[in-house]
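Structure first, then comments.
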There are 2 protein chains.
Amino acid sequence: MKSTYSYNTGEEIYGQGKAATYIYQVVNGAIRISSKLTNGRRQIGAFYFSGDIFGLEPSIRYRWSAEAIVDATTVRRVKRKALLRKAQSNLSLSRSVWSITERDLLHAEGHRILLGQFTATERVAAFILQMNNRIGVNGEIVLPMSGTDVGDYLGLALETVSREHAKLSDTGILLRTPSRWRRGLTLRRPESLRAMLPPLSALDLSPISGKVAQTIFSSKT
Amino acid sequence: MKSTYSYNTGEEIYGQGKAATYIYQVVNGAIRISSKLTNGRRQIGAFYFSGDIFGLEPSIRYRWSAEAIVDATTVRRVKRKALLRKAQSNLSLSRSVWSITERDLLHAEGHRILLGQFTATERVAAFILQMNNRIGVNGEIVLPMSGTDVGDYLGLALETVSREHAKLSDTGILLRTPSRWRRGLTLRRPESLRAMLPPLSALDLSPISGKVAQTIFSSKT
DNA sequence: CGCCGGATTGATCAGTTTCAAGGCATGTGG
DNA sequence: CCACATGCCTTGAAACTGATCAATCCGGCG
(Lines give C-alpha, C1' and ligand atoms only; values in the text may rest on other atoms or scores of the structure.)
Protein backbone atom coordinates (compact mmCIF):
# COMPACT_ATOMS: atom_id res chain seq x y z
CA MET A 1 0.00 0.00 0.00
CA LYS A 2 1.39 3.38 -1.03
CA SER A 3 1.70 5.67 1.92
CA THR A 4 2.13 9.05 0.20
CA TYR A 5 0.99 10.55 -3.07
CA SER A 6 2.72 13.20 -5.10
CA TYR A 7 1.33 16.02 -7.25
CA ASN A 8 2.76 18.77 -9.39
CA THR A 9 1.57 22.37 -9.57
CA GLY A 10 -2.01 22.59 -10.68
CA GLU A 11 -2.78 18.89 -10.34
CA GLU A 12 -6.06 18.07 -8.70
CA ILE A 13 -6.16 15.94 -5.58
CA TYR A 14 -9.92 15.84 -5.49
CA GLY A 15 -12.72 17.66 -7.26
CA GLN A 16 -15.69 19.69 -6.12
CA GLY A 17 -18.81 17.54 -6.11
CA LYS A 18 -16.96 14.22 -6.16
CA ALA A 19 -17.48 11.55 -3.53
CA ALA A 20 -15.51 12.49 -0.40
CA THR A 21 -13.51 9.30 -0.03
CA TYR A 22 -10.36 10.46 1.71
CA ILE A 23 -9.09 12.86 4.33
CA TYR A 24 -5.62 14.21 3.65
CA GLN A 25 -2.56 15.59 5.35
CA VAL A 26 0.08 17.64 3.59
CA VAL A 27 3.47 16.02 4.04
CA ASN A 28 5.40 18.40 1.83
CA GLY A 29 4.55 21.31 -0.41
CA ALA A 30 1.31 23.28 -0.46
CA ILE A 31 -2.34 22.91 -1.39
CA ARG A 32 -5.20 25.26 -2.17
CA ILE A 33 -8.88 24.42 -1.97
CA SER A 34 -11.11 26.31 -4.35
CA SER A 35 -14.67 26.57 -5.52
CA LYS A 36 -15.54 27.53 -9.08
CA LEU A 37 -18.55 29.67 -9.94
CA THR A 38 -19.92 30.86 -13.24
CA ASN A 39 -18.19 33.68 -15.21
CA GLY A 40 -14.78 32.32 -14.32
CA ARG A 41 -15.23 33.47 -10.77
CA ARG A 42 -13.37 31.38 -8.24
CA GLN A 43 -13.13 31.50 -4.47
CA ILE A 44 -10.14 29.97 -2.76
CA GLY A 45 -11.13 28.69 0.65
CA ALA A 46 -7.76 28.08 2.22
CA PHE A 47 -4.13 27.23 1.69
CA TYR A 48 -2.62 24.23 3.45
CA PHE A 49 1.03 23.60 4.22
CA SER A 50 3.12 20.78 5.72
CA GLY A 51 1.32 19.10 8.57
CA ASP A 52 -2.09 20.57 7.79
CA ILE A 53 -5.09 18.29 7.48
CA PHE A 54 -7.63 18.96 4.76
CA GLY A 55 -10.52 17.34 2.95
CA LEU A 56 -12.65 16.54 6.00
CA GLU A 57 -16.09 17.79 5.00
CA PRO A 58 -19.47 17.61 6.67
CA SER A 59 -20.93 16.04 3.58
CA ILE A 60 -20.50 12.91 1.48
CA ARG A 61 -19.26 15.01 -1.42
CA TYR A 62 -16.34 17.40 -1.54
CA ARG A 63 -17.58 20.94 -1.61
CA TRP A 64 -14.22 22.30 -2.77
CA SER A 65 -11.57 21.13 -5.18
CA ALA A 66 -8.04 20.63 -3.91
CA GLU A 67 -4.99 21.30 -6.06
CA ALA A 68 -1.27 21.32 -5.47
CA ILE A 69 0.33 24.75 -5.83
CA VAL A 70 3.95 23.67 -5.84
CA ASP A 71 5.66 20.82 -7.65
CA ALA A 72 6.25 17.55 -5.86
CA THR A 73 3.67 18.22 -3.19
CA THR A 74 3.14 15.02 -1.24
CA VAL A 75 0.16 14.05 0.88
CA ARG A 76 -0.94 11.22 3.13
CA ARG A 77 -4.51 10.08 3.28
CA VAL A 78 -6.94 7.95 5.23
CA LYS A 79 -10.31 6.61 4.18
CA ARG A 80 -13.08 8.84 5.44
CA LYS A 81 -15.50 5.98 6.02
CA ALA A 82 -13.03 3.92 7.97
CA LEU A 83 -12.07 6.90 10.09
CA LEU A 84 -15.64 7.82 10.89
CA ARG A 85 -16.47 4.22 11.69
CA LYS A 86 -13.58 4.01 14.10
CA ALA A 87 -14.58 7.33 15.62
CA GLN A 88 -18.00 5.89 16.39
CA SER A 89 -16.51 3.70 19.04
CA ASN A 90 -13.53 5.77 20.08
CA LEU A 91 -14.17 8.94 22.03
CA SER A 92 -10.71 10.38 21.79
CA LEU A 93 -10.58 9.85 18.05
CA SER A 94 -14.04 11.35 17.76
CA ARG A 95 -12.83 14.43 19.62
CA SER A 96 -9.82 14.71 17.35
CA VAL A 97 -11.93 14.63 14.24
CA TRP A 98 -14.34 17.17 15.68
CA SER A 99 -11.43 19.48 16.46
CA ILE A 100 -10.61 19.59 12.76
CA THR A 101 -14.11 20.72 11.93
CA GLU A 102 -13.71 23.34 14.66
CA ARG A 103 -10.48 24.60 13.15
CA ASP A 104 -12.11 24.85 9.73
CA LEU A 105 -14.99 26.78 11.28
CA LEU A 106 -12.68 29.23 13.03
CA HIS A 107 -10.87 29.86 9.80
CA ALA A 108 -14.03 30.22 7.73
CA GLU A 109 -15.43 32.72 10.21
CA GLY A 110 -12.33 34.86 10.19
CA HIS A 111 -12.26 34.68 6.43
CA ARG A 112 -15.84 35.76 5.97
CA ILE A 113 -15.34 38.84 8.11
CA LEU A 114 -12.37 39.66 5.93
CA LEU A 115 -14.43 39.15 2.79
CA GLY A 116 -17.45 40.99 4.10
CA GLN A 117 -15.85 43.96 5.79
CA PHE A 118 -12.17 44.48 5.07
CA THR A 119 -10.87 46.98 2.53
CA ALA A 120 -8.34 45.89 -0.08
CA THR A 121 -5.49 47.29 2.01
CA GLU A 122 -6.65 45.45 5.10
CA ARG A 123 -7.11 42.20 3.22
CA VAL A 124 -3.60 42.22 1.85
CA ALA A 125 -2.12 43.22 5.20
CA ALA A 126 -4.01 40.40 6.93
CA PHE A 127 -2.84 37.95 4.31
CA ILE A 128 0.82 38.83 4.64
CA LEU A 129 0.64 38.59 8.41
CA GLN A 130 -1.08 35.25 8.15
CA MET A 131 1.52 33.89 5.76
CA ASN A 132 4.27 35.24 7.96
CA ASN A 133 2.85 33.34 10.91
CA ARG A 134 2.44 30.15 9.00
CA ILE A 135 5.40 29.92 6.67
CA GLY A 136 7.57 32.92 7.45
CA VAL A 137 11.07 32.53 8.85
CA ASN A 138 11.67 35.64 10.90
CA GLY A 139 10.14 38.03 8.44
CA GLU A 140 11.24 36.21 5.31
CA ILE A 141 8.26 34.86 3.42
CA VAL A 142 8.39 32.89 0.21
CA LEU A 143 4.87 32.78 -1.13
CA PRO A 144 4.20 29.50 -2.89
CA MET A 145 1.02 30.70 -4.61
CA SER A 146 0.53 32.96 -7.61
CA GLY A 147 -0.91 36.46 -7.47
CA THR A 148 -4.10 35.16 -9.02
CA ASP A 149 -4.46 32.70 -6.16
CA VAL A 150 -3.93 35.41 -3.58
CA GLY A 151 -6.56 37.52 -5.29
CA ASP A 152 -9.07 34.70 -5.39
CA TYR A 153 -8.46 34.01 -1.73
CA LEU A 154 -8.94 37.65 -0.75
CA GLY A 155 -11.81 38.38 -3.12
CA LEU A 156 -9.69 40.92 -5.05
CA ALA A 157 -8.35 41.25 -8.58
CA LEU A 158 -4.72 40.27 -8.89
CA GLU A 159 -3.89 43.81 -10.02
CA THR A 160 -5.27 45.17 -6.77
CA VAL A 161 -3.09 42.79 -4.78
CA SER A 162 -0.08 43.90 -6.75
CA ARG A 163 -0.86 47.57 -6.17
CA GLU A 164 -1.25 47.04 -2.44
CA HIS A 165 2.11 45.31 -2.35
CA ALA A 166 3.58 48.27 -4.19
CA LYS A 167 2.14 50.65 -1.57
CA LEU A 168 3.60 48.60 1.27
CA SER A 169 6.90 48.54 -0.52
CA ASP A 170 6.82 52.33 -0.92
CA THR A 171 6.29 52.85 2.78
CA GLY A 172 9.11 50.47 3.58
CA ILE A 173 6.95 47.99 5.44
CA LEU A 174 7.65 45.34 2.87
CA LEU A 175 10.59 44.45 0.71
CA ARG A 176 9.94 42.59 -2.52
CA THR A 177 12.35 40.19 -4.17
CA PRO A 178 10.94 39.92 -7.64
CA SER A 179 11.52 36.62 -9.28
CA ARG A 180 9.24 34.34 -11.14
CA TRP A 181 10.19 31.24 -9.22
CA ARG A 182 10.64 32.63 -5.75
CA ARG A 183 7.94 35.11 -4.78
CA GLY A 184 9.90 36.55 -1.92
CA LEU A 185 8.78 39.10 0.63
CA THR A 186 10.59 40.48 3.60
CA LEU A 187 8.39 41.87 6.32
CA ARG A 188 10.24 44.85 7.74
CA ARG A 189 7.72 46.15 10.24
CA PRO A 190 5.05 43.58 11.11
CA GLU A 191 3.65 45.89 13.79
CA SER A 192 2.84 48.51 11.13
CA LEU A 193 0.84 45.90 9.28
CA ARG A 194 -0.94 44.81 12.41
CA ALA A 195 -1.84 48.43 13.09
CA MET A 196 -3.64 48.56 9.75
CA LEU A 197 -6.07 45.83 10.77
CA PRO A 198 -9.32 46.09 12.66
CA PRO A 199 -8.91 44.57 16.11
CA LEU A 200 -9.85 40.96 16.85
CA SER A 201 -8.75 39.80 13.42
CA ALA A 202 -8.07 36.16 14.00
CA LEU A 203 -7.76 34.91 10.47
CA ASP A 204 -5.16 32.23 10.92
CA LEU A 205 -5.76 28.60 10.31
CA SER A 206 -4.69 27.48 13.74
CA PRO A 207 -2.41 24.51 13.35
CA ILE A 208 -3.75 21.10 14.27
CA SER A 209 -1.74 19.62 17.09
CA GLY A 210 0.60 16.84 16.12
CA LYS A 211 -1.21 14.57 18.53
CA VAL A 212 -4.48 14.97 16.67
CA ALA A 213 -2.81 14.33 13.34
CA GLN A 214 -1.11 11.27 14.72
CA THR A 215 -4.35 9.87 16.07
CA ILE A 216 -5.94 10.23 12.70
CA PHE A 217 -3.09 9.17 10.44
CA SER A 218 -1.64 6.48 12.68
CA SER A 219 -2.43 3.64 10.29
CA LYS A 220 -2.03 3.81 6.54
CA THR A 221 -5.38 3.24 4.88
CA MET B 1 -34.69 26.78 37.75
CA LYS B 2 -36.01 29.00 34.97
CA SER B 3 -36.28 27.06 31.76
CA THR B 4 -36.59 29.87 29.23
CA TYR B 5 -35.34 33.43 29.01
CA SER B 6 -36.97 36.32 27.22
CA TYR B 7 -35.47 39.29 25.36
CA ASN B 8 -36.78 42.31 23.52
CA THR B 9 -35.51 43.73 20.26
CA GLY B 10 -31.88 44.75 20.50
CA GLU B 11 -31.24 43.10 23.86
CA GLU B 12 -28.01 41.18 24.09
CA ILE B 13 -28.02 37.50 24.98
CA TYR B 14 -24.27 37.27 25.07
CA GLY B 15 -21.39 39.49 24.07
CA GLN B 16 -18.38 39.06 21.83
CA GLY B 17 -15.32 38.21 23.89
CA LYS B 18 -17.26 37.13 26.98
CA ALA B 19 -16.86 33.70 28.54
CA ALA B 20 -18.85 31.16 26.53
CA THR B 21 -20.94 29.75 29.34
CA TYR B 22 -24.08 28.60 27.59
CA ILE B 23 -25.36 27.05 24.40
CA TYR B 24 -28.77 28.25 23.31
CA GLN B 25 -31.83 27.24 21.37
CA VAL B 26 -34.37 29.69 20.04
CA VAL B 27 -37.82 28.78 21.34
CA ASN B 28 -39.64 31.74 19.86
CA GLY B 29 -38.68 34.84 17.94
CA ALA B 30 -35.41 35.50 16.17
CA ILE B 31 -31.74 36.15 16.91
CA ARG B 32 -28.82 37.63 15.05
CA ILE B 33 -25.17 37.02 15.81
CA SER B 34 -22.84 39.87 14.94
CA SER B 35 -19.25 40.95 15.16
CA LYS B 36 -18.30 44.62 15.54
CA LEU B 37 -15.26 46.09 13.89
CA THR B 38 -13.80 49.57 13.95
CA ASN B 39 -15.42 52.45 11.99
CA GLY B 40 -18.87 51.24 12.88
CA ARG B 41 -18.46 48.30 10.56
CA ARG B 42 -20.41 45.23 11.59
CA GLN B 43 -20.69 41.75 10.16
CA ILE B 44 -23.75 39.69 10.92
CA GLY B 45 -22.85 36.03 10.94
CA ALA B 46 -26.28 34.43 10.90
CA PHE B 47 -29.91 34.74 11.82
CA TYR B 48 -31.52 32.08 13.96
CA PHE B 49 -35.22 31.23 14.24
CA SER B 50 -37.39 28.89 16.29
CA GLY B 51 -35.68 25.58 16.89
CA ASP B 52 -32.21 26.74 15.85
CA ILE B 53 -29.28 26.13 18.13
CA PHE B 54 -26.66 28.85 18.50
CA GLY B 55 -23.78 29.90 20.71
CA LEU B 56 -21.73 26.71 20.43
CA GLU B 57 -18.24 27.98 19.68
CA PRO B 58 -14.90 26.25 19.32
CA SER B 59 -13.42 28.55 21.92
CA ILE B 60 -13.91 29.43 25.57
CA ARG B 61 -15.04 32.92 24.59
CA TYR B 62 -17.89 33.96 22.36
CA ARG B 63 -16.57 35.25 19.08
CA TRP B 64 -19.87 36.88 18.18
CA SER B 65 -22.49 38.82 20.08
CA ALA B 66 -26.06 37.54 20.02
CA GLU B 67 -29.04 39.88 20.11
CA ALA B 68 -32.78 39.42 19.83
CA ILE B 69 -34.27 41.03 16.73
CA VAL B 70 -37.92 40.74 17.67
CA ASP B 71 -39.67 41.48 20.95
CA ALA B 72 -40.38 38.67 23.35
CA THR B 73 -37.83 36.34 21.82
CA THR B 74 -37.42 33.36 24.12
CA VAL B 75 -34.50 30.95 24.36
CA ARG B 76 -33.53 27.82 26.21
CA ARG B 77 -29.99 27.17 27.27
CA VAL B 78 -27.64 24.53 28.62
CA LYS B 79 -24.27 24.95 30.29
CA ARG B 80 -21.47 24.48 27.81
CA LYS B 81 -19.15 22.87 30.31
CA ALA B 82 -21.70 20.36 31.52
CA LEU B 83 -22.62 19.48 27.96
CA LEU B 84 -19.04 18.94 26.88
CA ARG B 85 -18.33 16.90 29.97
CA LYS B 86 -21.26 14.65 29.26
CA ALA B 87 -20.20 14.36 25.64
CA GLN B 88 -16.82 13.07 26.77
CA SER B 89 -18.42 9.84 27.86
CA ASN B 90 -21.36 9.67 25.50
CA LEU B 91 -20.68 8.95 21.86
CA SER B 92 -24.11 9.77 20.54
CA LEU B 93 -24.18 13.10 22.37
CA SER B 94 -20.68 13.80 21.13
CA ARG B 95 -21.83 13.18 17.57
CA SER B 96 -24.81 15.49 18.06
CA VAL B 97 -22.64 18.33 19.28
CA TRP B 98 -20.20 17.81 16.45
CA SER B 99 -23.06 17.98 13.95
CA ILE B 100 -23.82 21.50 15.15
CA THR B 101 -20.27 22.57 14.44
CA GLU B 102 -20.66 20.96 11.02
CA ARG B 103 -23.83 22.89 10.32
CA ASP B 104 -22.13 26.14 11.32
CA LEU B 105 -19.23 25.31 9.03
CA LEU B 106 -21.51 24.60 6.08
CA HIS B 107 -23.24 27.90 6.60
CA ALA B 108 -20.04 29.88 7.04
CA GLU B 109 -18.62 28.40 3.86
CA GLY B 110 -21.67 29.25 1.81
CA HIS B 111 -21.67 32.71 3.32
CA ARG B 112 -18.06 33.43 2.51
CA ILE B 113 -18.53 32.53 -1.12
CA LEU B 114 -21.44 34.93 -1.17
CA LEU B 115 -19.32 37.64 0.46
CA GLY B 116 -16.28 36.98 -1.67
CA GLN B 117 -17.85 36.49 -5.08
CA PHE B 118 -21.51 37.44 -5.37
CA THR B 119 -22.69 40.73 -6.84
CA ALA B 120 -25.19 42.85 -4.94
CA THR B 121 -28.04 41.45 -7.04
CA GLU B 122 -26.99 37.88 -6.38
CA ARG B 123 -26.59 38.48 -2.67
CA VAL B 124 -30.06 39.89 -2.27
CA ALA B 125 -31.57 37.13 -4.42
CA ALA B 126 -29.80 34.48 -2.35
CA PHE B 127 -30.98 36.10 0.85
CA ILE B 128 -34.62 36.20 -0.16
CA LEU B 129 -34.53 32.58 -1.26
CA GLN B 130 -32.88 31.60 1.99
CA MET B 131 -35.46 33.44 4.05
CA ASN B 132 -38.22 31.93 1.98
CA ASN B 133 -36.92 28.46 2.74
CA ARG B 134 -36.55 29.12 6.40
CA ILE B 135 -39.46 31.31 7.40
CA GLY B 136 -41.58 31.69 4.28
CA VAL B 137 -45.13 30.36 4.09
CA ASN B 138 -45.68 29.53 0.45
CA GLY B 139 -44.04 32.62 -0.88
CA GLU B 140 -45.12 34.98 1.90
CA ILE B 141 -42.13 36.17 3.87
CA VAL B 142 -42.25 38.50 6.85
CA LEU B 143 -38.71 39.59 7.49
CA PRO B 144 -38.08 40.07 11.19
CA MET B 145 -34.82 41.99 10.72
CA SER B 146 -34.23 45.59 9.66
CA GLY B 147 -32.71 46.65 6.36
CA THR B 148 -29.52 47.56 8.17
CA ASP B 149 -29.28 44.01 9.48
CA VAL B 150 -29.79 42.55 6.03
CA GLY B 151 -27.08 44.83 4.69
CA ASP B 152 -24.64 43.87 7.42
CA TYR B 153 -25.35 40.20 6.76
CA LEU B 154 -24.78 40.55 3.02
CA GLY B 155 -21.85 42.94 3.22
CA LEU B 156 -23.85 45.70 1.48
CA ALA B 157 -25.08 49.16 2.37
CA LEU B 158 -28.73 49.22 3.34
CA GLU B 159 -29.45 51.52 0.40
CA THR B 160 -28.10 48.93 -1.98
CA VAL B 161 -30.40 46.30 -0.49
CA SER B 162 -33.34 48.65 -0.90
CA ARG B 163 -32.46 49.35 -4.53
CA GLU B 164 -32.17 45.65 -5.32
CA HIS B 165 -35.57 45.07 -3.79
CA ALA B 166 -36.91 47.85 -5.96
CA LYS B 167 -35.48 46.20 -9.07
CA LEU B 168 -37.05 42.86 -8.17
CA SER B 169 -40.31 44.61 -7.54
CA ASP B 170 -40.13 46.33 -10.95
CA THR B 171 -39.67 43.01 -12.72
CA GLY B 172 -42.59 41.50 -10.84
CA ILE B 173 -40.53 38.83 -9.11
CA LEU B 174 -41.26 40.34 -5.74
CA LEU B 175 -44.17 42.15 -4.17
CA ARG B 176 -43.49 44.49 -1.30
CA THR B 177 -45.90 45.31 1.50
CA PRO B 178 -44.41 48.43 2.96
CA SER B 179 -45.03 48.87 6.64
CA ARG B 180 -42.76 49.69 9.49
CA TRP B 181 -43.83 46.80 11.66
CA ARG B 182 -44.36 44.09 9.09
CA ARG B 183 -41.61 43.96 6.50
CA GLY B 184 -43.60 41.83 4.13
CA LEU B 185 -42.48 40.29 0.86
CA THR B 186 -44.34 38.04 -1.51
CA LEU B 187 -42.16 35.92 -3.72
CA ARG B 188 -43.97 35.69 -7.05
CA ARG B 189 -41.44 33.73 -9.10
CA PRO B 190 -38.87 31.94 -6.96
CA GLU B 191 -37.47 30.20 -10.04
CA SER B 192 -36.53 33.57 -11.53
CA LEU B 193 -34.57 34.35 -8.40
CA ARG B 194 -32.86 30.98 -8.46
CA ALA B 195 -31.91 31.59 -12.08
CA MET B 196 -30.03 34.71 -10.99
CA LEU B 197 -27.68 32.74 -8.76
CA PRO B 198 -24.45 30.97 -9.61
CA PRO B 199 -24.97 27.21 -9.42
CA LEU B 200 -24.14 25.22 -6.31
CA SER B 201 -25.21 28.03 -4.02
CA ALA B 202 -26.02 26.20 -0.84
CA LEU B 203 -26.28 29.08 1.57
CA ASP B 204 -28.97 27.81 3.88
CA LEU B 205 -28.42 27.09 7.48
CA SER B 206 -29.52 23.50 7.30
CA PRO B 207 -31.89 22.83 10.15
CA ILE B 208 -30.65 20.76 13.04
CA SER B 209 -32.74 17.65 13.39
CA GLY B 210 -35.14 17.65 16.29
CA LYS B 211 -33.44 14.55 17.60
CA VAL B 212 -30.13 16.36 17.96
CA ALA B 213 -31.75 19.28 19.70
CA GLN B 214 -33.57 16.97 22.04
CA THR B 215 -30.39 15.12 22.95
CA ILE B 216 -28.72 18.37 23.84
CA PHE B 217 -31.54 20.19 25.57
CA SER B 218 -33.12 17.18 27.26
CA SER B 219 -32.38 18.38 30.80
CA LYS B 220 -32.70 21.94 31.97
CA THR B 221 -29.36 23.22 33.17
C1' DC C 1 18.60 36.18 -28.58
C1' DG C 2 14.11 36.00 -28.25
C1' DC C 3 10.23 33.88 -26.20
C1' DC C 4 7.23 32.73 -22.24
C1' DG C 5 4.52 33.38 -18.11
C1' DG C 6 3.64 35.94 -14.55
C1' DA C 7 3.92 40.63 -12.30
C1' DT C 8 3.59 45.53 -12.69
C1' DT C 9 1.76 49.89 -14.05
C1' DG C 10 -1.43 53.07 -16.31
C1' DA C 11 -6.00 54.63 -17.87
C1' DT C 12 -10.63 54.05 -17.85
C1' DC C 13 -14.93 52.07 -16.28
C1' DA C 14 -18.60 50.21 -13.35
C1' DG C 15 -20.72 48.87 -9.22
C1' DT C 16 -21.43 50.15 -4.81
C1' DT C 17 -21.07 53.44 -1.06
C1' DT C 18 -21.85 57.72 0.80
C1' DC C 19 -24.25 61.88 1.47
C1' DA C 20 -28.52 64.06 1.41
C1' DA C 21 -33.40 64.73 0.98
C1' DG C 22 -37.97 63.15 1.08
C1' DG C 23 -41.73 59.64 2.00
C1' DC C 24 -44.76 56.88 4.54
C1' DA C 25 -46.78 54.32 8.06
C1' DT C 26 -47.22 54.57 13.04
C1' DG C 27 -47.32 56.76 17.58
C1' DT C 28 -47.94 60.93 20.65
C1' DG C 29 -49.54 65.17 22.57
C1' DG C 30 -52.32 69.07 22.36
C1' DC D 1 -59.09 64.02 16.31
C1' DC D 2 -55.80 66.37 14.01
C1' DA D 3 -50.79 67.96 13.79
C1' DC D 4 -46.58 66.86 14.41
C1' DA D 5 -42.66 63.69 15.75
C1' DT D 6 -40.35 59.29 15.04
C1' DG D 7 -38.07 55.62 12.83
C1' DC D 8 -37.22 53.20 8.99
C1' DC D 9 -37.29 52.87 4.05
C1' DT D 10 -36.76 54.83 -0.49
C1' DT D 11 -34.79 57.67 -3.99
C1' DG D 12 -31.44 60.76 -6.17
C1' DA D 13 -26.81 62.57 -7.11
C1' DA D 14 -22.03 62.56 -6.39
C1' DA D 15 -17.81 60.30 -4.92
C1' DC D 16 -14.87 56.39 -4.49
C1' DT D 17 -12.99 51.92 -4.37
C1' DG D 18 -11.68 48.30 -6.88
C1' DA D 19 -12.33 45.93 -11.52
C1' DT D 20 -11.31 45.72 -16.20
C1' DC D 21 -8.74 46.54 -20.26
C1' DA D 22 -4.37 47.12 -22.18
C1' DA D 23 0.46 47.81 -22.53
C1' DT D 24 4.98 46.91 -20.73
C1' DC D 25 8.35 44.80 -17.88
C1' DC D 26 11.24 41.35 -16.05
C1' DG D 27 13.50 37.05 -14.87
C1' DG D 28 14.35 32.54 -16.52
C1' DC D 29 14.78 29.34 -20.12
C1' DG D 30 15.05 27.18 -24.80
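Worth saying up front: this structure is predicted, and the values here are computed from it rather than measured. Residue numbers begin at 1 in each chain, while the letters A, B, ... track the order of the sequences.
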Quiz item: Out of A:W64, A:Y24, A:F54, which residue meets the ring pair (Phe, Tyr, Trp, His ring centres under 6.0 Å) rule with A:Y48?
Solution: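 Only match with A:Y48 under ring pair (Phe, Tyr, Trp, His ring centres under 6.0 Å): A:F54.
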
Starting at [atom1] of [X] and ending at [atom2] of [N], how long is that distance when rounded to a whole Å?
{"X": "A:R123", "N": "D:dT17", "atom1": "CZ", "atom2": "P", "result": "14 Å"}
{"X": "B:L168", "N": "D:dT10", "atom1": "CG", "atom2": "C1'", "result": "15 Å"}
{"X": "A:L115", "N": "D:dG18", "atom1": "CG", "atom2": "C1'", "result": "15 Å"}
{"X": "B:K167", "N": "D:dG12", "atom1": "NZ", "atom2": "C1'", "result": "16 Å"}
{"X": "B:R183", "N": "C:dC24", "atom1": "CZ", "atom2": "P", "result": "19 Å"}
{"X": "B:L174", "N": "D:dT10", "atom1": "CG", "atom2": "P", "result": "11 Å"}
{"X": "A:M145", "N": "C:dA7", "atom1": "CE", "atom2": "P", "result": "12 Å"}
{"X": "B:D152", "N": "D:dC9", "atom1": "CG", "atom2": "C1'", "result": "15 Å"}

Scan the side chains in residues 25-32 of chain B for donor-acceptor partners under 3.5 Å anywhere in the protein, sequence neighbours excluded, and list what turns up.
| unit_1 | atom_1 | unit_2 | atom_2 | d |
| --- | --- | --- | --- | --- |
| B:Q25 | OE1 | B:R76 | NE | 3.2 |
| B:Q25 | OE1 | B:R76 | NH2 | 2.6 |
| B:Q25 | NE2 | B:G51 | O | 3.0 |
| B:R32 | NE | B:E67 | OE1 | 2.5 |
| B:R32 | NH1 | B:D149 | OD1 | 3.3 |
| B:R32 | NH1 | B:D149 | OD2 | 2.9 |
| B:R32 | NH2 | B:E67 | OE1 | 2.9 |

Quiz item: For B:R163, which residues count as a salt bridge (charged side-chain N to carboxylate O under 4.0 Å, His left out) partner, sequence neighbours excluded?
Solution: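 B:R163 satisfies salt bridge (charged side-chain N to carboxylate O under 4.0 Å, His left out) with no residue once adjacent residues are dropped.
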
Exercise. Please name all residues satisfying salt bridge (charged side-chain N to carboxylate O under 4.0 Å, His left out) with B:R189, sequence neighbours left out, ordered by chain then number.
Key: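 B:R189: no salt bridge (charged side-chain N to carboxylate O under 4.0 Å, His left out) contacts found.
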
Self-check item: ring pair (Phe, Tyr, Trp, His ring centres under 6.0 Å) against A:Y7, all qualifying residues, sequence neighbours excluded
Solution: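 Result, ring pair (Phe, Tyr, Trp, His ring centres under 6.0 Å) vs A:Y7: none returned.
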
Quiz item: How does protein contact run along nucleotides 12-23 of chain C, one letter per nucleotide 5' to 3', with B for base contact, S for sugar-phosphate only, - for none, heavy atoms under 4.0 Å?
Solution: ----SBBB----

Quiz prompt | Nucleotide nearest B:S162 (side chain, heavy atoms from C-beta), chosen from D:dT11, C:dA7, C:dT9 | solution =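 Side chain of B:S162 sits closest to D:dT11.
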
Practice problem: Using side-chain contact (heavy atoms from CB on, under 4.5 Å) as the criterion, list what pairs up with B:E140, not counting sequence neighbours. | Solution: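 Listed in chain order: B:T186.
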
